[in-house]
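Sequence lines set the chain letters: A, B, ... in the order given, protein chains first and strands last, and positions in each chain run from 1. All figures in this text were calculated on a predicted structure; none of them were measured in a lab. What you see below is based on every heavy atom in this structure, not just the backbone, and it leaves out hydrogens, waters and symmetry mates.
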Number of protein chains: 4
Amino acid sequence: MPNDRSPDPARRSERAHTAILAATRELIMTMGYDAMTIEAIASAAGVGKQTIYRWWPSKAAVVLDMWVPDVEQQLAFPDTGDVAADFTTQIRAMMELSQDPLFGPSLRALIAEAQHDQALAQKLLDRIFAPRAEQGKERLRAAQQARQVRGDVDLDVAMDLLYGGFYRRFLLRIAPVTADYPKAVVDAALAGLMRRRTRR
Amino acid sequence: MPNDRSPDPARRSERAHTAILAATRELIMTMGYDAMTIEAIASAAGVGKQTIYRWWPSKAAVVLDMWVPDVEQQLAFPDTGDVAADFTTQIRAMMELSQDPLFGPSLRALIAEAQHDQALAQKLLDRIFAPRAEQGKERLRAAQQARQVRGDVDLDVAMDLLYGGFYRRFLLRIAPVTADYPKAVVDAALAGLMRRRTRR
Amino acid sequence: MPNDRSPDPARRSERAHTAILAATRELIMTMGYDAMTIEAIASAAGVGKQTIYRWWPSKAAVVLDMWVPDVEQQLAFPDTGDVAADFTTQIRAMMELSQDPLFGPSLRALIAEAQHDQALAQKLLDRIFAPRAEQGKERLRAAQQARQVRGDVDLDVAMDLLYGGFYRRFLLRIAPVTADYPKAVVDAALAGLMRRRTRR
Amino acid sequence: MPNDRSPDPARRSERAHTAILAATRELIMTMGYDAMTIEAIASAAGVGKQTIYRWWPSKAAVVLDMWVPDVEQQLAFPDTGDVAADFTTQIRAMMELSQDPLFGPSLRALIAEAQHDQALAQKLLDRIFAPRAEQGKERLRAAQQARQVRGDVDLDVAMDLLYGGFYRRFLLRIAPVTADYPKAVVDAALAGLMRRRTRR
DNA sequence: ATTTAACCGAGACGGTACGTCTAGTCTTGAT
DNA sequence: ATCAAGACTAGACGTACCGTCTCGGTTAAAT
């Protein structure tokens, strides 16, 4: 368990802060998330361990901080008027992120760690997953108003249909996320699985 | 990685084997998966650590072995002729499993551990996830032949639609898996999100 | 080694100075010399750590400063004309000091620390031990002139005989310094151990 | 604070044990007692830190164990029939020990550490100081029976006279222990400080 | 009266070692 | 040969202090 009492953020050393984030980025690429220890970060950043423990509760929290700006920028949500295309684009961006040697493995590791770290789970949710879901739902609402999407669908369930498969494949490794996957899943989610009666 | 050389399974002590699995079950309930160490299992089972390392590569593998029979039995796939009802039943079973104090937390932990343990990932896939997916796809194939489900859907994508949401909610904790969720997601997946042109 | 450059004693804060000494006295009684850290003194005195480091090189030096006036006053050397009685008095005073809950434990601690801190050793010597020895030797010189003590004895060796036992018992804990010890050791030192030939 | 529960000495690794003592001896010479850490000993001995903590409560205890055989052998007490000569020899041996670069500094350090470590103090007493004192007193008893030493002297006080000065000089550094010191102090202790009335 | 230089309280910083913990391997004696 | 037991090497953990270093705020002398 970290931290004694809350330190004063006003007196935080900018140099140490950025050195830690830079070293973290470096070490994830070099040795991988799992092999990277807090001691290694401290040593690589030229920083005392306490300085890390003072500001972050865990290795995962450091990685998350190092991460979030890039991820946010890379997952900007488009609105071209074509719902299918927009979600395909978004899922493709998620796929690309998951294949980046910096982000992919450590996203996996962060989600893994969040399974036994409530605080981290909350942070991941607030900073990564929830904003993405919110954007997606917003896009669907627009599509509902444009009468492209049914008005009675539960938007959370819709997000499950559109995004759930990505996480299932990414985390369970039950199938690879291939280049044509984004379009396939979006089309299927929009069209549904059921056979329609032929129109007479 | 453990194990000396492959031991002789014929000489394996049945007493030790069952004691280990029983102690594992006990300790997961008592102290939780994460706090449970291999040393604790050995001690609780009255067994040498080496005996565990001899037959399993990791704590997770022990848990998986202890688990699989129960899970298989609890996730039997029904075929009542009603596709929607069958998948709803199946997802509801997954939900219940995930809320069981023995299975839920350790399923999470196992998936977490599989993120940095290829061998475990493979084992989980082969013994838990893939069989479930295969049953689901089989059921869909039957539904296709009954002309209930479209013949052109990619069955893997269909599984993503139906099951992906569960994992997304379970692992990302982005929303709880409530009692009415299984039906909602199945209905949405079957119907699709898109608005249909009114039939004239 | 502390201190930047020598600070200006004229501008020293009297308030901080006395607060530090008072807190030190307090904390030694409360938590004992060893558990007391410079951080604790600073905090208890409501003073910055730097203010301590500015004026003292070590925790031991602070304690010594807090100490010396009391010790000096308590170890005043008497001259009643009776050498034996005077040294007995002096050693008894040392004994009492060593049993005082403030001085005893921290005298031990200071001597201990002086074993690996040359500067402290010198300071202890100059301010505590050497003055005491000088007084003792002075008293012996007077006794020599009064033809009570042999003129050929090495006064430093004499001090070893008279005082050495006290430190041996105090530091090695080889035997307690009891109430009758001072007289016993003084008598023995004066008389010597050797058997005299009976005068004819 | 060390050790959980007492380990089984029968299963102790002889290799690790001797490697630790050898590394300790080596490091004291190399870097000095104070700079030597338990981590350094472990690393130099090719041993886990836990193995040291399992068998010894502190660095000092390791040094003591490494030490005692040599010290015992070097401080064998002679009996030549000449009390003065015998004690002179013994004190000279103590002096030489105290000037040995292996033993001197670490004897100082051990005594220092014993000031705040009761268990160590007891161990030092039992294994180093008390046996020496016992030998000295035994020698004095023999001298008493040979009617060389007065029958009424308290032998503990006699030991203070003979040995106390050594520790006073060694620990307080109030004066060096020179080559002629042993004889001087023994002579003075035997003869006493008091002036005798001239025999008529 | 204002400037200016020091000390002051506070506490973040780079370090180092601590003693604990767990992993996975190795050793021993009993079955 | 397998087993229970547990000592072993290895090394990260999070903590505690060390002594140094800002940072504003407050004196007190020098202007």
Side-chain angles (χ1 to χ4, degrees), chain A residues 1-5 7-13 15-16 19 35-40 42-43 45-55 57-59, chain B residues 1-4 7-8 10-13 15-16 19 37-40 42-43 45-54 57-59, chain C residues 1-5 7-13 15-16 19 37-40 42-43 45-55 57-59, chain D residues 1-5 7-13 15-16 35-40 42-43 45-55 57-59:
Chain A
M1 201 129 297
N3 282 23
D4 346 273
R5 283 187 316 269
D8 180 355
R11 308 193 47 182
R12 184 168 194 172
S13 156
R15 183 182 57 70
M36 175 179 71
T37 65
I38 290 204
E39 296 204 316
S43 157
V47 137
K49 284 165 65 175
Q50 198 58 250
T51 301
I52 300 182
Y53 284 114
R54 186 158 23 236
W55 301 109
S58 66
K59 172 174 78 162
Chain B
M1 206 125 297
N3 283 23
D4 334 283
D8 179 357
R11 308 196 52 177
R12 182 168 195 172
S13 156
R15 182 181 58 70
T37 64
I38 289 206
E39 294 203 311
S43 158
V47 137
K49 285 165 63 176
Q50 196 58 250
T51 303
I52 299 181
Y53 282 113
R54 187 154 25 232
S58 67
K59 171 173 80 163
Chain C
M1 203 129 296
N3 284 23
D4 337 282
R5 283 179 322 256
D8 179 356
R11 309 196 50 177
R12 183 170 194 172
S13 157
R15 182 181 60 70
T37 65
I38 289 206
E39 296 203 314
S43 159
V47 137
K49 285 164 64 176
Q50 195 61 252
T51 302
I52 299 182
Y53 283 112
R54 190 163 13 240
W55 303 108
S58 66
K59 172 173 78 162
Chain D
M1 200 130 297
N3 282 23
D4 345 275
R5 281 187 319 269
D8 180 355
R11 310 192 48 180
R12 184 168 193 173
S13 156
R15 181 183 58 70
M36 175 179 71
T37 65
I38 290 204
E39 297 203 316
S43 157
V47 137
K49 285 164 64 175
Q50 196 59 251
T51 301
I52 299 182
Y53 284 113
R54 181 151 35 228
W55 302 109
S58 66
K59 173 173 77 162

Report yes if at least one side-chain N or O of [X] is closer than 4.0 Å to OP1 or OP2 of [N]; otherwise report no.
| X | N | answer |
| --- | --- | --- |
| C:Arg54 | E:dC8 | yes |
| C:Ser13 | E:dC7 | no |
| B:Thr51 | F:dT2 | no |
| C:Arg15 | E:dC8 | no |
| C:Trp55 | E:dA6 | no |

Whole Å only: how far is the [atom1] atom of [X] from the [atom2] atom of [N]?
| X | N | atom1 | atom2 | result |
| --- | --- | --- | --- | --- |
| C:Arg12 | F:dT27 | CZ | P | 18 Å |
| D:Met36 | E:dC18 | CE | P | 10 Å |
| D:Tyr53 | F:dG6 | OH | P | 23 Å |
| D:Ile52 | E:dA17 | CD1 | C1' | 13 Å |
| C:Glu39 | E:dC13 | CD | C1' | 12 Å |
| C:Lys59 | F:dG19 | NZ | P | 10 Å |

Comparing nearest nucleotides in DNA chain E, the 5'-proximal residue of the pair D:Ala40, C:Gly46 is C:Gly46
Identify each atom pair where a protein N or O and an N or O of nucleotides 27-31 of chain E are less than 3.5 Å apart, giving names and distance.
from	atom 1	to	atom 2	distance (Å)
E:dT27	O2	D:Arg11	NH2	3.2

Can you pull every protein N or O that's under 3.5 Å from an N or O on nucleotides 29-31 of chain F?
none

Output the distance between atom NZ (D:Lys49) and atom OG (D:Ser43), rounded to the nearest 0.5 Å. 11.0 Å
How far does CD of A:Gln50 sit from CD1 of A:Ile38, to the nearest 0.5 angstrom? 10.5 Å
State, to 0.1 Å, how close B:Ala42 and B:Ile52 come at their nearest heavy-atom pair, and which atoms those are. N-CD1, 3.7 Å
Taking all non-hydrogen atoms of both residues into account, name the closest pair between C:Pro7 and C:Pro9 and its distance. O-CD, 3.2 Å
Go nucleotide by nucleotide along DNA chain F from the 5' end; which of B:Ala45 and C:Ile38 gets its closest nucleotide reached first? B:Ala45
Ignoring hydrogens and geometry beyond distance, is the side chain of D:Lys49 in donor-acceptor contact with the base of E:dG19 at under 3.5 Å? yes
When all nucleic acid strands are considered with a 4.0 Å heavy-atom cut-off, which category describes B:Thr37: base, sugar-phosphate, or nothing? sugar-phosphate
Mind checking side chain to side chain donor-acceptor pair (under 3.5 Å) for B:Lys59 and listing every partner two or more places apart, or none if nothing turns up? none
